[in-house]
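To keep things clear, I will list the structure first and then write my remarks on it.
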There are 2 protein chains.
Amino acid sequence: MTGMTTTEANKDGNEEGVSRFVERFAAELTGAGMQRMAARVFAALLASEGASMTSAELSEQLRISPAAVSGAIRYLSQVGMISRERDPGTRRERYVLHNELWYETFTRRDQILVRWEKILREGSELLGPKTEAGARTAETAEFFAFLQREMLGIMDRWAVYKEARGAESSF
Amino acid sequence: MTGMTTTEANKDGNEEGVSRFVERFAAELTGAGMQRMAARVFAALLASEGASMTSAELSEQLRISPAAVSGAIRYLSQVGMISRERDPGTRRERYVLHNELWYETFTRRDQILVRWEKILREGSELLGPKTEAGARTAETAEFFAFLQREMLGIMDRWAVYKEARGAESSF
DNA sequence: CGCTCATTTCACAAAGTTGTGAAGTTAAGG
DNA sequence: CCTTAACTTCACAACTTTGTGAAATGAGCG
């Protein structure tokens with residue numbers, strides 16, 4: 001209600017607003033440990049119609065060199081958050097956000113949890129099961145194992161929840 | 001089984017092994033975005049009997065200056081992972097790991113999720129509910145809201161699980 | 001009370017990271 | 001094939017971050 005929030009949104013007037021949003025969200029991601037350029041590219045893609053942009057578009061909107069775009073894209077496709085497409089009949093590439101998959105990417109820090117668990121288990125053996133330190137370390141390993149299992153459940157429940165939401169909103 | 005794993009462990013011979021474990025785990029934490037010195041101090045505390053060490057001990061084991069210890073300690077106590085104690089009758093401080101609390105610390109990235117959700121909601125309004133970009137952004141916001149709720153459940157289930165495990169292992 | 005030792009603060013040097021320009025590579029289109 | 005446009009790689013310079021030594025602070029103990 002509060003005014004005509006954004007009924008006519010995304011016409012030309014709010015390019016600047018969108019850019020501010022992109023930068024703000026990217027800054028958050030950067031704060032959480034993501035490389036800055038990758039975060040900015042990711043945020044720009046998220047806020048783009050079609051969830052896809054070309055190198056030139058990214059370069060222009062973010063005011064960065066093609067080289068920087070290239071580096072960010074390499075990273076994002078390595079971690080599976082985007083893929084590259086080629087519009088046939090042109091020599092420009094389109095980078096498109098894996099919209100469905102990036103939640104998984106986000107939670108698929110499984111790999112990390114697995115590694116941590118392993119290291120901690122080895123540590124606990126080294127310290128000895130009879131020592132306080134060994135027991136503490138073992139419990140920490142246990143926590144990460146527990147987290148791994150929970151993550152799977154979360155993603156399942158998210159799929160269900162999203163489904164339900166989607167069905168309801170298309171009313 | 002596989003040999004006398006570590007029945008006699010933590011005698012003097014494996015100080016080096018413990019140190020390797022500490023460094024390995026710290027390196028993982030660093031990789032995940034934690035400051036290096038804080039990670040090393042944290043790992044050292046985890047692997048110490050009593051979950052506590054003095055500044056001098058940390059300085060010696062990690063081969064870092066007292067200044068570096070001080071910086072790491074400041075960070076760790078800010079985020080609530082350790083607290084400082086003073087053995088009465090001495091002028092040395094002991095830094096002790098919040099063993100029960102640090103799991104919470106780990107999952108209490110709630111704050112982050114809240115901020116992200118807020119920014120994304122604003123973004124989705126800006127882009128407009130009718131646009132594809134707006135819908136996508138709204139869904140992302142929804143995901144983080146969902147995650148927040150899930151985190152609470154996880155911590156509850158961990159408490160229960162740990163309880164059960166503890167009871168059983170004291171058999 | 002003042003001395004002494006433990007911890008903290010601060011300025012700086014060293015090391016690391018990051019984005020750029022320019023040269024290099026690949027592929028579409030004439 | 002040769003030209004040209006798009007993307008990538010590479011070396012480097014600017015900028016950050018990080019840990020140190022030295023000086024300052026503060027807390028026990030005589």
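All values derive from a computational prediction rather than experimental measurement. Lettering follows sequence order; numbering is per chain, from 1.
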**Report entry** Interatomic distance where CD belongs to B/Q78 and P belongs to C/dT8 [whole Å]
**Finding:** 12 Å
Query - Residues touching DNA chain D, which here means a heavy atom under 4.0 Å, drawn from residues 59-77 of chain A - result: A/P66, A/A67, A/S70, A/R74
Query - d(CZ, A/R86; P, C/dT26) in whole Å - result: 13 Å
Query raised in the report: Base, sugar-phosphate alone, or nothing: which one does B/R92 contact when heavy atoms must sit under 4.0 Å apart?
Result: sugar-phosphate
Report task. Assign the ring pair B/F42 / B/F25 to parallel, tilted or perpendicular, where the plane angle (0 to 90°) is split at 30° and 60°. Result -> tilted
Report summary line: Rounded to whole Å, the CE-P distance (B/M37 to D/dT20) equals 6 Å
Query raised in the report: Counting any heavy atom closer than 4.0 Å, what does A/R84 reach on the DNA or RNA strands: base, sugar-phosphate only, or nothing?
Result: sugar-phosphate
Query raised in the report: Just wondering, are more than 12 heavy atoms of other shown residues or ligands nearer than 6.0 Å to CZ in B/R63?
Result: no
Query raised in the report: When the distance from CD of A/Q35 to P of C/dT17 is rounded to whole Å, what number comes out?
Result: 11 Å
Report summary line: Whole-Å distance, B/E93 CD to C/dC5 P, equals 18 Å
Report summary line: When rounded to whole Å, the CZ to C1' distance for the pair A/R91 and D/dA5 reads 4 Å
Query raised in the report: Which is it for A/E150 and B/Y161 under the side-chain hydrogen bond (donor to acceptor under 3.5 Å, both in side chains) test, yes or no, and what are the steps along the way?
Result: CA-CA 12 Å; A/E150 288 288 331; B/Y161 177 77; over 6 Å; no
Query raised in the report: Which word best sums up how the rings of A/W158 and B/F143 line up, parallel for under 30°, tilted for 30 to 60°, or perpendicular for over 60°?
Result: perpendicular
Query raised in the report: Contact class for B/T90 vs. all strands (heavy atom < 4.0 Å): base, sugar-phosphate, or nothing?
Result: sugar-phosphate
**Report entry** Smallest separation among heavy atoms of B/V18 and B/A47, with atom names
**Finding:** CG1-CB, 4.2 Å
**Report entry** Phosphate OP1/OP2 of C/dT7: any B/S55 side-chain N/O under 4.0 Å
**Finding:** yes
Query raised in the report: Between A/S52 and A/R94, does any side-chain donor sit less than 3.5 Å from a side-chain acceptor?
Result: yes
Requested in this report: Would you kindly say whether A/E85 and A/Y95 are connected by a side-chain donor-acceptor distance under 3.5 Å?
Outcome: no
Requested in this report: Would you kindly give the CD-to-P distance between B/E85 and C/dT7, to the nearest whole Å?
Outcome: 14 Å
**Report entry** Length of the line joining B/R36:CZ and D/dT16:C1', which is rounded to integer Å
**Finding:** 13 Å
